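Proteins come first, then strands; the chains are lettered A, B, ... in the order of their sequence lines, and each starts at number 1. Bear in mind the structure is a predicted one, so any value in this text is a computation, not a measurement.
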Protein chains: 2
Amino acid sequence: MNQSTRQAQRRDALVAALRRVAGERGILQANVRTVAAEADVSAGSVLYYFPTFDDLVAAAVEGVLEEFYERRRRIAEEVADPRERLRAMIDAGIPDEISSDLRIVYESIALLPERPQLRPLHRSIVERQVMLYRTTLEIGAGVGVFRPRTPVAAIARNLVALEDSYDMYPLIGLGLDRDECRRAVLDYAALALDCEL
Amino acid sequence: MNQSTRQAQRRDALVAALRRVAGERGILQANVRTVAAEADVSAGSVLYYFPTFDDLVAAAVEGVLEEFYERRRRIAEEVADPRERLRAMIDAGIPDEISSDLRIVYESIALLPERPQLRPLHRSIVERQVMLYRTTLEIGAGVGVFRPRTPVAAIARNLVALEDSYDMYPLIGLGLDRDECRRAVLDYAALALDCEL
DNA sequence: CAGAAAGTTGAATGCATGTTCAAGTTCCTT
DNA sequence: AAGGAACTTGAACATGCATTCAACTTTCTG
């Protein structure tokens, strides 16, 4: 194993450690010492691989957001039938339990004023998720299975907005029934697309 | 003016100062010194009125959340006609510019792991907002102007979820057109209630 | 007006944090 | 095996933070 890949592994291990700490105890509990302990290394080692701790936080948030999107994209591309795909996307978008990653997504919003580099990441994830839905809706509309009653761009945005809120609510202790949430979103999609789901 | 009301005024001034700092520079920039400077007092004074700085933060977040809800409740009670009321609620729920208060609402989510007392406040605001919509929908359904195509409880929840996301997006730099957002929510309501809006 | 109560201050304290670094260890290359 | 590069460590340092407090000023009260 050459040196640069071992370096990359080490960095990944630190990112993973930060994600565990932030996901379990809150992003504000993630600092050089807690992450070092979680990764079973010294504080000095953390800063050997990342010039500043902020860089590690940025890498972790970026990783979380990218994985988050990537998971949804994969689900979308796996299912060909528009109706099935839409159902799969909504199911995946409103998971049964709030993952620690989701927690990082929302808690990291508080970091944005002090770390402007993170802003484009957040924005672009929402935009890409909207595009994912939009493409699906347009395919379905194209083959006639969806008959959109309002602009598809607006429907796609609404679907992402619903998902985002229903994913955030558990963080504030609002334990809505996840099946009901999915049903509510599906019902909206069915109405807006004039199509049974 | 008696002593206890002057004390209350002083506390309110500190709460207001914290809200200004948090709203303009981010909630993580709010600390004893920045708030003291904003209120033109010394750091010692801040802690004369609040036993700990956390208590001040809690008071400010509670104030923001309560005002937030109160504003919406007042709008709802001012308009009798269900269709008009619903329109007014959605208009108020998706303001043209993100207020500094809204910023505090979302950024304070990151504080929850370390300040569990705040969790019930957040939860209860969402719940009460849902109740506000639900009541309006039920009145409209009762008089026949709304003909809900799905359970009103679910429609009310969806409306609040849409609002919450569209209010959060500006914080991550996603500058969607506010008119379009309102239109998208209104279009959903119109579909779900089988009623022109 | 005098004494007490309330309010204010800014320096001092203690703790947590990010970062540096000299010293040591492990790994790789020749 | 030798020497150098990569890595690791933990103590040390600087900074920022909430909090305390003794001294002082203002306001109230009888």
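Side-chain atoms of Tyr166(A) and Asn158(B) include a donor-acceptor pair closer than 3.5 Å.
The CD-C1' distance, from Gln29(B) to dA18(D), rounds to 16 Å in whole Å. As a whole-Å value, the separation of Ile27(A) CD1 from dT17(C) C1' is 16 Å. One interatomic measurement links the two molecules: OH of Tyr49(A) to P of dT19(C), which rounds to 18 Å at whole-angstrom precision. The distance from atom CG of Leu47(A) to atom P of dT17(C) is 14 Å, rounded to the nearest whole Å. Rounded to whole Å, atom C1' of dT27(D) lies 15 Å from atom CD of Gln9(B). Rounded to a whole Å, the CZ atom of Arg25(B) is 14 Å from the C1' atom of dG16(D). For Arg11(B) and dG7(C), the CZ to P distance is 12 Å, given to the nearest whole Å. The interatomic distance linking Asn31(B) (CG) with dT17(C) (P) rounds to 16 Å, in whole Å.
Under the 4.0 Å criterion applied to side-chain N and carboxylate O atoms, Glu24(A) and Arg20(A) are not assigned as salt-bridge partners. Residues Glu67(A) and Arg19(A) are paired through a salt bridge, judged by an N-O separation under 4.0 Å between the basic side chain and the carboxylate. Ionic pairing of Asp179(A) and Arg183(A) is not present here: no N-O contact between side-chain nitrogen and carboxylate oxygen is shorter than 4.0 angstrom. Contact check on Arg74(B) versus Glu78(B) returns no salt bridge, with no Lys/Arg side-chain nitrogen under 4.0 Å from an Asp/Glu carboxylate oxygen. A salt bridge links Arg157(B) to Glu180(A): at least one charged side-chain nitrogen sits closer than 4.0 Å to a carboxylate oxygen. Note on Glu66(B) versus Arg128(B): salt bridge recorded, some NZ/NE/NH1/NH2 to OD/OE distance being below 4.0 Å.
Heavy atoms from other residues, nucleotides or ligands lying under 6.0 Å from CD of Glu196(A) number 12 at most. For Arg149(B), the CZ atom counts as loosely surrounded, since its 6.0 Å shell holds 12 or fewer non-hydrogen atoms of other residues, nucleotides or ligands.
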Report, one pair per line, the protein and nucleotides 9-13 of chain D atoms (nitrogen or oxygen only) whose separation is under 3.5 Å.
{"residue": "dT9(D)", "atom": "OP2", "partner": "Ser42(A)", "partner atom": "N", "Å": "2.8"}
{"residue": "dT9(D)", "atom": "OP2", "partner": "Ser42(A)", "partner atom": "OG", "Å": "3.3"}
{"residue": "dT9(D)", "atom": "OP2", "partner": "Ser45(A)", "partner atom": "OG", "Å": "3.3"}

Distances for protein N or O near nucleotides 22-25 of chain C N or O, under 3.5 Å:
none

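When the side chains of ILVMFWY residues are joined at heavy-atom separations under 4.5 Å, either directly or via intervening members, Leu118(B) and Phe68(B) end up in a single hydrophobic cluster.
Arg6(A) has no side-chain polar atom (N or O) that falls below the 4.0 Å cut-off from OP1 or OP2 of dC27(C). Side-chain N/O atoms of Arg10(A) include none lying less than 4.0 angstrom from OP1 or OP2 on dA6(D).
Partner of Pro95(B) under the side chain to side chain contact (heavy atoms under 4.5 Å, CB included) criterion, chosen from Arg182(B), Arg178(B), Glu163(B): Arg178(B).
Interface residues of residues 50-59 of chain A facing DNA chain C, ordered by number: Thr52(A), Phe53(A); criterion, heavy-atom separation under 4.0 Å.
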